[in-house]
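Scroll down for the structure; my scribbles are underneath it.
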Amino acid sequence: QVQLVESGGGLVQAGDSLRLSCAASGRTFSGYVMGWFRQAPGKEREFVAAIRWSSSMTYYADSVKDRFTVSRDHAKNTVYLQMNSLNPEDTALYYCAADNSVVITSWRSYKYWGQGTQVTVSS
């Protein structure tokens, strides 16, 4: 059974950095896309970034490009989201997701999800 466990969220000030982790288990993820999504109160879940497990090809939402970096560690079966220059608009519950056949930016096409980790950025 696939399990995704996020960690690393917290309360930070504008301009600070955080690194989120997503520990994946339950199968080999070769061929999978690992995505990061976020959801703020009253808003729809939105795409943040994604990485192809095998090729390390990355994808980013325009709103986080040049500030966030997604990466993965094969040995630790973990995906990371390095978030720099955070601003209050980045405040949300951040989710890790995985699937092997997806529309990269569409949360509806991912089958496996973590429980989420809260990121709060104060001004």
Side-chain angles (χ1 to χ4, degrees):
Q1 182 177 351
V2 173
Q3 187 173 18
L4 305 174
V5 179
E6 304 97 333
S7 61
L11 172 63
V12 297
Q13 293 186 329
D16 285 350
S17 298
L18 275 177
R19 188 178 78 159
L20 306 184
S21 299
C22 172
S25 62
R27 62 158 296 125
T28 56
F29 290 91
S30 175
Y32 270 58
V33 174
M34 311 297 289
W36 285 98
F37 291 80
R38 65 188 182 186
Q39 188 166 17
K43 294 187 177 180
E44 187 169 350
R45 193 167 298 189
E46 66 173 356
F47 170 74
V48 176
I51 185 168
R52 291 190 181 274
W53 190 266
S54 299
S55 69
S56 293
M57 187 174 294
T58 58
Y59 309 83
Y60 295 95
D62 288 343
S63 60
V64 306
K65 202 173 294 184
D66 298 327
R67 297 190 299 126
F68 290 10
T69 303
V70 60
S71 62
R72 56 81 178 123
D73 185 327
H74 273 163
K76 296 182 179 180
N77 247 28
T78 299
V79 177
Y80 302 100
L81 184 67
Q82 177 67 43
M83 305 186 296
N84 299 329
S85 302
L86 285 161
N87 59 62
E89 290 70 38
D90 295 316
T91 295
L93 188 60
Y94 282 71
Y95 295 94
C96 176
D99 209 327
N100 61 354
S101 179
V102 298
V103 174
I104 297 288
T105 59
S106 173
W107 66 267
R108 291 179 176 83
S109 65
Y110 288 75
K111 180 177 181 180
Y112 302 108
W113 289 85
Q115 81 289 349
T117 186
Q118 178 68 38
V119 172
T120 303
V121 185
S122 64
S123 58

Tyr59: which of Thr105, Ile104, Val70, Ile51 passes side chain to side chain contact (heavy atoms under 4.5 Å, CB included)
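It is Ile104, the one option of Thr105, Ile104, Val70, Ile51 that forms the side chain to side chain contact (heavy atoms under 4.5 Å, CB included) with Tyr59.
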Given 3.5 Å as the limit, does a donor-acceptor pair link the side chain of [X] with the main chain of [Y], or not?
X: Thr117; Y: Ser7; value: no
X: Asp73; Y: Thr78; value: no
X: Arg52; Y: Met57; value: no
X: Asp99; Y: Val102; value: no

Glu44 and Arg108: CA distance, side-chain angles, deciding distance, salt bridge (charged side-chain N to carboxylate O under 4.0 Å, His left out) verdict
CA-CA 11 Å; Glu44 187 169 350; Arg108 291 179 176 83; 3.3 Å; yes
Over all atoms of both residues, closest heavy-atom pair of [X] and [Y]:
X: Ser17; Y: Gln82; result: CB-NE2, 3.9 Å
X: Ser123; Y: Ala14; result: CA-CB, 4.3 Å
X: Gly116; Y: Leu93; result: C-CD1, 3.8 Å
X: Tyr110; Y: Gly35; result: CE2-N, 3.9 Å
X: Leu86; Y: Val12; result: CD1-CG2, 3.8 Å
X: Tyr60; Y: Ala49; result: CD2-CB, 3.7 Å

Roughly how far, to the nearest 0.5 Å, is [atom2] of [Y] from [atom1] of [X]?
X: Ser106; Y: Glu46; atom1: OG; atom2: CD; result: 13.0 Å
X: Tyr112; Y: Met34; atom1: OH; atom2: CE; result: 11.0 Å
X: Ser56; Y: Arg72; atom1: OG; atom2: CZ; result: 3.0 Å
X: Asn77; Y: Arg27; atom1: CG; atom2: CZ; result: 10.5 Å

Less than 4.5 Å apart, any side-chain heavy atom of [X] and any of [Y]?
X: Trp53; Y: Thr28; value: no
X: Leu4; Y: Tyr95; value: no
X: Tyr94; Y: Met83; value: yes
X: Thr91; Y: Gln118; value: yes
X: Arg67; Y: Asp90; value: yes
X: Gln39; Y: Trp107; value: no
X: Phe29; Y: Val79; value: no

Taking the six-membered ring of Phe37 as reference, does the NZ or CZ atom of Arg45 fall below 6.0 Å from its centre and within a 45° cone about the axis?
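No, Arg45 does not lie over the aromatic ring of Phe37.
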Pairing of Glu6 and Arg38 as salt bridge, 4.0 angstrom limit
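Here Glu6 does not pair with Arg38 in a salt bridge, since their nearest N and O are not under 4.0 Å apart.
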Cys96 and Trp36: side-chain contact (heavy atoms from CB on, under 4.5 Å), yes or no, with the steps?
CA-CA 5 Å; Cys96 176; Trp36 285 98; 4.1 Å; yes
Quick one: do Val121 and Val48 end up in the same hydrophobic cluster if we chain Ile, Leu, Val, Met, Phe, Trp and Tyr together by side-chain heavy atoms under 4.5 Å apart?
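Yes; tracing contacts between hydrophobic side chains, which count when under 4.5 Å, links both residues.
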